[in-house]
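Accompanying notes for the structure given below.
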Amino acid sequence: MSPLHVCIVGLKCYDHIAAKPVPRYLGGIETQLTILAKGLVAQGCRVSLITYDHGQPDAEIFDGVTVFKSYHRDAGVRIIRLLYPRSIKLWKAMRRADADVYLQMGAGAETGLVALGCKLGVPRKRFVFCVASNANFGAHLRAGMFGWEGKLYQFGLRRADLVISQTNDQRDGLRRAVGLESRVVPMAVRQPKASEAVAQRPEENRILWIGRITRDKRLEWLLDAADKCPELCFDVVGAPNTASDYAERILQASTRHKNVTIHGRLSTAELEQIYENTRLLCCTSQVEGFPTSFLEAWSRGIPLVTTFDPDGIVARHRLGAIAKNPAELAGQLRNIIEDKTKYAALSQAAKRYYLDNHTVEEVSRQFRNEFENLQALSSGVIAVPSLT
């Protein structure tokens with residue numbers, strides 16, 4: 001019996017799968033899809049990945065994952081480029097991959113195009129959509145001029161053979177917004193090769209903020225906390241994927257804070273070094289899915305202070321503290337840093353929660369089972385849950 005062939009459509013993932021030192025696109029989706037691709041290979045699946053065309057050779061293989069290129073992000077004439085080159089070249093890449101199941105993550109026109117590509121195939125292919133953010137059942141439903149991107153996204157969403165949510169909150173929100181059911185499967189990050197023990201965490205009180213610099217991430221809240229906590233040092237890792245007045249203004253404001261360091265985009269090795277020197281992770285975002293940075297921190301035993309708590313797990317499992325405004329943010333940061341006993345307990349809980357729920361092996365196994373069950377249903381075979 002041939003192994004299950006899964007094709008992941010992750011247009012911005014090339015630099016991640018090719019292990020480029022500094023990826024041109026920053027985001028949890030790109031990190032998650034690359035980790036999942038490699039994890040599925042380890043689970044015995046045949047795996048391919050479709051990315052943008054950056055001028056690279058077609059059908060390159062990285063860590064067992066075959067990478068097909070589709071279209072250049074900026075190619076084509078406005079208005080008609082949705083059809084050519086985007087749709088046409090994406091569908092051609094999907095045909096070259098010739099997978100059993102196609103997976104795409106995150107709301108957008110891409111969702112509709114992948115779904116249509118699956119339905120136009122002969123034989124038809126199975127399409128799996130993964131919710132990436134709570135905005136996927138909110139603002140993204142109406143995105144684009146006259147809501148056209150939201151309409152194309154909804155077209156694809158409603159034609160998915162399986163929808164996967166990262167949290168129960170996402171499952172419930174999707175059900176309320178569009179009446180669709182989904183399966184809850186967590187995301188993963190790889191375990192650090194040399195994770196620091198709790199007792200070995202650095203004594204310097206460094207706080208890490210990591211993400212794209214956009215309005216909904218509210219970096220200004222961190223700057224406010226930095227004003228209130230001059231004894232703490234704040235590292236900001238990330239950059240705007242596209243230029244904006246907000247990003248320019250907030251980056252200029254950050255220069256007035258002596259205890260804030262803006263690092264911009266970092267290589268994987270540089271980010272590892274930042275994590276090794278981090279005591280706490282701080283999240284100030286309004287809307288998220290399940291931030292990859294949370295998992296990266298917990299895998300190292302780093303607690304967090306956050307304004308966003310997916311499924312209430314931070315509070316329920318004592319993985320850090322919740323803040324509702326900049327003043328609370330500053331207070332919680334200072335409280336955890338100053339109380340060494342509390343810090344140690346939170347750190348141990350964070351590492352334990354990661355090992356129990358978010359290892360690459362466990363999450364990849366769950367995805368493989370979902371895909372196999374989907375294939376079995378389509379062929380009329382009753383699927384038996386895997387015991388491995």
Side-chain angles (χ1 to χ4, degrees), residues 12 15 21-31 133 135 201-289 291-297 300 302-309 314 320-338:
K12 298 178 180 179
D15 288 357
V22 183
R24 71 195 81 195
Y25 296 109
L26 297 175
I29 292 177
E30 292 73 44
T31 301
S133 164
R201 293 229 66 81
E203 289 299 320
E204 188 177 11
N205 296 325
R206 303 200 71 88
I207 313 300
L208 172 61
W209 185 100
I210 181 169
R212 288 177 293 107
I213 298 179
T214 57
R215 191 177 300 277
D216 60 357
K217 302 294 185 181
R218 298 191 301 200
L219 180 55
E220 65 272 15
W221 283 34
L222 187 82
L223 299 183
D224 191 292
D227 276 338
K228 293 179 171 62
C229 302
E231 76 278 15
L232 304 181
C233 298
F234 295 81
D235 293 298
V236 175
V237 174
N241 278 347
T242 56
S244 70
D245 291 340
Y246 169 81
E248 183 178 353
R249 186 171 63 255
I250 202 69
L251 288 173
Q252 180 61 37
S254 70
T255 62
R256 297 192 290 271
H257 297 75
K258 294 182 179 180
N259 58 337
V260 176
T261 303
I262 305 293
H263 296 273
R265 299 174 188 269
L266 295 181
S267 68
T268 300
E270 289 169 331
L271 182 57
E272 290 286 345
Q273 187 62 48
I274 291 285
Y275 269 120
E276 286 184 11
N277 293 318
T278 293
R279 293 278 288 173
L280 281 174
L281 178 71
C282 184
C283 171
T284 56
S285 185
Q286 281 182 298
V287 180
E288 288 286 351
T292 303
S293 58
F294 286 19
L295 305 182
E296 291 172 339
R300 295 166 169 82
I302 300 172
L304 71 149
V305 174
T306 178
T307 57
F308 179 84
D309 186 3
V314 175
I322 314 300
K324 296 179 180 178
N325 53 57
E328 285 188 13
L329 197 72
Q332 295 286 19
L333 289 170
R334 183 180 284 119
N335 177 265
I336 294 175
I337 288 291
E338 292 177 352

* Asked: Does a side-chain heavy-atom distance below 4.5 Å link I262 with L251?
  -> yes

**OP:** Output yes when K217 and E288 qualify as a salt bridge under the 4.0 Å nitrogen-oxygen rule, no when they do not.
**Re:** yes

So CD1 of I336 and CG of N205: to nearest 0.5 Å the spacing works out to 12.0 Å

If you count the non-hydrogen atoms of other residues, nucleotides and ligands that lie under 6.0 Å from CD in E248, is the total more than 12?
no

Separation between CZ (R218) and CD1 (I250), nearest 0.5 Å, reads 12.0 Å

What one should report as the nearest heavy-atom pair of T214 and D216 is OG1-OD1, 2.7 Å

- Message: Counting C-beta onward and ignoring hydrogens, is there a side-chain heavy-atom pair between Y25 and R265 closer than 4.5 Å?
- Response: no

Query raised in the report: Under 3.5 Å, is there a donor-acceptor pair linking the side chains of T307 and W221?
Result: no

Any side-chain heavy-atom pair of L208 and I274 under 4.5 Å
yes

Rounding to 0.5 Å, atoms NE2 (H263) and CG (D235) come to a distance of 3.5 Å

task = Please tell me if the side chains of I337 and L280 come closer than 4.5 Å, counting only heavy atoms from C-beta onward.
result = yes

One should read off an interatomic distance between R215 CZ and S285 OG, to the nearest 0.5 angstrom, of 13.5 Å

**Request:** Measure the shortest side-chain to side-chain distance between S133 and V287 over non-hydrogen atoms and say whether it is less than 4.5 angstrom.
**Result:** yes

Q: Decide, yes or no, whether a salt bridge links E272 with R300 under the criterion of side-chain N to carboxylate O below 4.0 Å.
A: yes

Side-chain touch T261/F234, heavy atoms, less than 4.5 angstrom: no

Does the D309 side chain pair with the main chain of V314, one donor and one acceptor, at a distance under 3.5 Å?
yes

Here the pair of heavy atoms bringing L281 nearest to A297 is CD2-CB, 3.9 Å

Tested for side-chain contact (heavy atoms from CB on, under 4.5 Å) against L329, the lone hit among T284, I322, T306 is T284

Smallest heavy-atom separation, I213 atom then G238 atom, equals CD1-O, 3.8 Å

Separation between CG (D227) and NZ (K258), nearest 0.5 Å, reads 12.0 Å

Closest non-hydrogen atoms of C283 and F294, given as atom of the first, atom of the second and distance, are CB-CE1, 3.7 Å

Would V236 and S254 count as a side chain to side chain contact (heavy atoms under 4.5 Å, CB included) here? Give the steps. CA-CA 10 Å; V236 175; S254 70; over 6 Å; no

_Ion pair R249/D245, N-O distance below 4.0 Å_ = no

| Within-4.5 Å side-chain heavy-atom neighbours: W209 and V260 | no

Nearest heavy-atom contact between A225 and L333 is CB-CD1, 4.3 Å

>> Tell me if a side-chain donor or acceptor on N259 pairs with a main-chain N or O of A226 at a distance below 3.5 Å.
In response: yes

Interatomic distance, CZ@R212 vs CG@L219, rounded to 0.5 Å, equals 13.0 Å

For I302 and R279, the nearest pair of non-hydrogen atoms, with its separation, is CG2-O, 3.5 Å

**Message:** So Y275 and I210, do their side chains get closer than 4.5 Å, heavy atoms only?
**Reply:** yes

